[in-house]
Amino acid sequence: MLFSGYTLLRDPHFNKGLAFTEDERDAHYLRGLLPPSVIPQETQVKKMIQHVRQYQVPLQKYMAMMDLQERNERLFYKLLIDHVEELLPVVYTPTVGEACQKYGSIFMHPQGLYISLKEKGKIREVLRNWPEKNIQVIVVTDGERILGLGDLGCQGMGIPVGKLSLYTALGGVRPSACLPITIDVGTNNEKLLNDELYIGLKQRRATGQEYAELMHEFMTAVKQTYGEKVLIQFEDFANHNAFNLLEKYRSTHLVFNDDIQGTASVVLAGLVASLKLVGGNLADHRFLFLGAGEAGTGIAELIALETSKQTNAPLEEVRKNIWLVDSKGLIVSSRKDSLQHFKKPWAHEHEPVKNLLDAVNKIKPTVLIGTSGQGRTFTKEVIEAMASINKRPIILSLSNPTSQSECTAEEAYKWSQGRAIFASGSPFPPVEYEGKVFVPGQANNAYIFPGFGLGLIMSGTIRVHDDLLLAASEALAAQVSQENFDKGLIYPPFTNIRKISAHIAANVAAKAYELGLATRLPQPKDLVKFAESCMYTPAYRSYR
Ligand SMILES: O=C([O-])CC(=O)C(=O)O
Ligand SMILES: [Mg+2]
């Protein structure tokens with residue numbers, strides 16, 4: 001340990017507050033710097049949860065949590081793990097969205113690493129300024145599409161910070177191995193450009209070659225600094241850059257796009273689980289998406305891939321069961337020439353259809369998935385149409401945060417007379433309808449990326465392959481218990497998430513070994529046990 005006395009109390013990695021023992025207080029020059037009482041971590045957790053609960057305003061709870069993270073990291077993680085269901089909506093969606101919108105005015109101490117156009121040519125130096133050297137996971141955003149809230153520029157930093165706190169709390173990756181990064185190439189958000197408290201570059205976004213060069217310098221510097229096996233998670237990039245970056249770097253770097261691949265994996269898991277409630281195989285179902293961006297096309301492709309593996313039918317054939325609606329209506333072959341490349345595989349033969357309601361009535365889907373980033377687009381008429389076509393319509397409102405959800409849980413249950421199987425990206429509380437309580441699930445990539453990342457890291461995997469996403473999906477679906485199904489849930493509760501993550505990690509690693517992508521040899525015998533043994537726990541360590 002580097003510090004003692006006053007500096008020790010102010011170092012969030014080592015500080016334990018009143019939990020320092022008498023011996024530690026003697027050995028580390030702490031006498032007199034703390035009041036005499038010695039309190040165990042459990043008691044500190046009780047105190048802190050009361051502290052957070054006293055705030056009525058979610059953003060204040062968020063600030064209290066960030067404050068704790070900066071003061072006493074182990075207590076922060078202990079609190080988050082012990083109260084995960086309660087605190088996830090605070091450090092993650094929906095509150096983290098509001099925090100990003102207001103980042104300039106709530107900003108107290110910088111978290112993560114900022115790389116702006118000013119640092120062009122110096123990115124390796126910037127990485128060297130970060131205090132930790134052994135980095136295993138980077139979550140990086142350029143802030144252009146933060147949740148469904150749009151361009152928040154440099155203030156998107158809340159997202160990598162939040163995602164990485166889940167890597168630790170939910171997936172057990174050491175906090176010191178996690179590095180949140182925001183790339184600042186400007187913002188096109190006028191409100192931020194005119195805000196004197198805006199923390200980012202006050203210029204419009206760089207694009208084209210200027211953008212590509214900065215990203216390339218970044219990708220190269222990361223690999224040079226941290227080696228081949230550092231995982232780079234792309235988060236909340238706008239569509240055009242997200243698809244291009246993934247395509248460009250997937251064969252040279254260990255990259256994973258959470259919005260395309262993580263969301264796809266979590267939704268496929270929920271769909272596979274829901275088959276236990278509605279019957280049939282994936283191939284028997286018809287899927288309709290509102291939103292044809294990263295999440296929509298990512299999910300669609302993974303459903304097609306899994307269906308094709310199950311039925312031995314070619315991908316082009318099974319894709320025909322999957323339909324997407326974007327802002328211009330149903331994606332059909334007559335629109336092909338004007339479509340962005342990631343939408344083209346979904347342009348099937350059909351007459352033009354203008355809006356979602358007409359598309360539901362024409363396509364007659366069994367599953368309706370919202371990935372549009374637009375709130376309140378699953379109207380009463382849309383849900384009623386789904387309910388008239390299906391005995392048990394599957395309805396997923398995936399856009400985040402809650403304000404952008406395509407419909408609320410209450411609307412889904414009420415308008416379908418309690419028949420919908422519903423899950424949403426951001427959490428909704430249980431709903432009572434005609435005397436029955438319905439518990440909605442949370443179809444959020446937070447189920448997948450922590451365990452997925454752990455699986456890659458612990459096996460020394462060097463590239464992400466689509467089969468690893470399927471392995472993660474399969475492991476998650478297998479964790480839904482009969483008791484969960486009885487409540488209509490297609491996801492297990494977050495309470496057991498560390499156990500779930502260990503199973504996901506193990507299944508992902510097993511697949512990576514099978515594909516020859518894992519470099520940690522020999523392969524551990526029991527991968528679930530191995531995953532558990534790799535996981536960080538936030539209990540205090542004793543200092544001699
Ligand atoms: O952050 C979340 O809650 C899920 C996600 O990746 C997004 O909405 O972009
Ligand atoms: Mg995201």
Side-chain angles (χ1 to χ4, degrees), residues 58 62 84-85 87-101 103 137-152 155-167 169-171 180-183 232-239 241-243 245-246 255-270 289-291 293-299 302 369-375 396-406 423-428 440-453 469 472 476 491 494 497:
Y62 176 87
V84 64
E85 298 245 11
L87 294 177
L88 215 50
V90 176
V91 301
Y92 194 58
T93 186
T95 311
V96 71
E98 188 187 355
C100 289
Q101 288 174 311
Y103 222 63
V137 195
I138 291 171
V139 176
V140 59
T141 188
D142 72 356
E144 192 168 4
R145 197 233 74 210
I146 294 300
L147 308 178
L149 299 171
D151 184 351
L152 298 183
Q155 303 195 160
M157 181 57 102
I159 296 294
V161 167
K163 292 271 174 186
L164 283 165
S165 67
L166 304 197
Y167 257 102
L170 279 48
I181 297 184
T182 295
I183 306 275
I232 304 170
Q233 174 165 321
F234 294 119
E235 193 70 52
D236 291 8
F237 284 77
N239 288 332
N241 291 325
F243 287 106
L245 288 169
L246 187 60
V255 290
F256 168 70
N257 184 300
D258 189 35
D259 303 295
I260 301 172
Q261 299 172 299
T263 306
S265 185
V266 79
V267 170
L268 179 62
F289 288 78
L290 177 64
E294 294 158 66
T297 61
I299 300 163
L302 205 64
I369 303 179
T371 57
S372 60
Q374 309 278 318
L396 307 180
S397 299
L398 299 183
S399 294
N400 298 312
T402 319
S403 59
Q404 309 310 107
S405 188
E406 283 77 7
S424 53
S426 296
F428 281 104
Q442 193 179 349
N444 189 294
N445 49 35
Y447 275 109
I448 291 290
F449 68 78
F452 188 78
L469 301 172
L476 176 57
Y491 293 98
F494 270 110
I497 186 66

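Values reported hereafter were calculated over all heavy atoms of this structure, with side chains retained and with hydrogens, waters and symmetry mates removed. Residue numbers count from 1 along this sequence. First listed ligand is number 1; within each ligand, the first listed atom is number 1.
To the nearest 10 degrees, the angle centred on the Mg ion (ligand 2) between OE2 in E235 and OD1 in D259 reads 100°.
With hydrogens left out, the protein atom closest to atom 5 (C) of ligand 1 is N445 ND2, 3.5 Å, a heavy atom. The protein atom (non-hydrogen) at minimum distance from atom 9 (O) of ligand 1 is R145 NH2, 2.7 Å. The nearest heavy-atom contact from the protein to atom 8 (O) of ligand 1 is N400 ND2, 2.8 Å.
Residue contact check: E235 has heavy atoms under 4.0 Å from atoms 6 (O) of ligand 1. In summary, the atoms of ligand 1 found under 4.0 Å from a heavy atom of T93, numbered by their order in the structure, are 3 (O). If you number the atoms of ligand 1 from 1 as listed, the ones under 4.0 Å from a heavy atom of Y92 come out as 1 (O), 2 (C), 3 (O), 4 (C).
Residue D258: no N/O/S atom is found under 2.8 Å from the Mg ion (ligand 2).
Residue-level proximity to ligand 1 for E294 is absent, since no heavy atom of it falls below 4.0 angstrom. If you look at D258 next to ligand 1, the close heavy atoms, those under 4.0 Å, all belong to the side chain.
Side-chain atoms of T371 come within 3.5 Å of backbone N or O of G291 as a donor-acceptor pair. Judged purely by atom type and a 3.5 angstrom limit, E144 has no side-chain atom pairing as donor or acceptor with the backbone of F237. Without hydrogens or angle criteria, N239 side chain to E294 main chain gives a donor-acceptor distance under 3.5 Å. The backbone N or O of L398 sits less than 3.5 Å from a side-chain atom of E406, completing a donor-acceptor pair. Counting only distance, with no hydrogens or angles, the side chain of S265 and the backbone of G262 share no donor-acceptor pair below 3.5 Å.
Looking only at N/O/S atoms, D236 comes nearest to the Mg ion (ligand 2) through OD1.
Between the side chains of S399 and Q374, no donor N or O sits under 3.5 Å from an acceptor N or O.
One finds the CZ atom of F449 at 7.0 Å from the CD atom of E235 (value rounded to the nearest 0.5 Å).
Atom 3 (O) of ligand 1 has its nearest heavy-atom neighbour, among V96, I260, N444, in N444.
None of N400, T95, N444 except one satisfies the side chain to side chain donor-acceptor pair (under 3.5 Å) rule with S426; the exception is N400.
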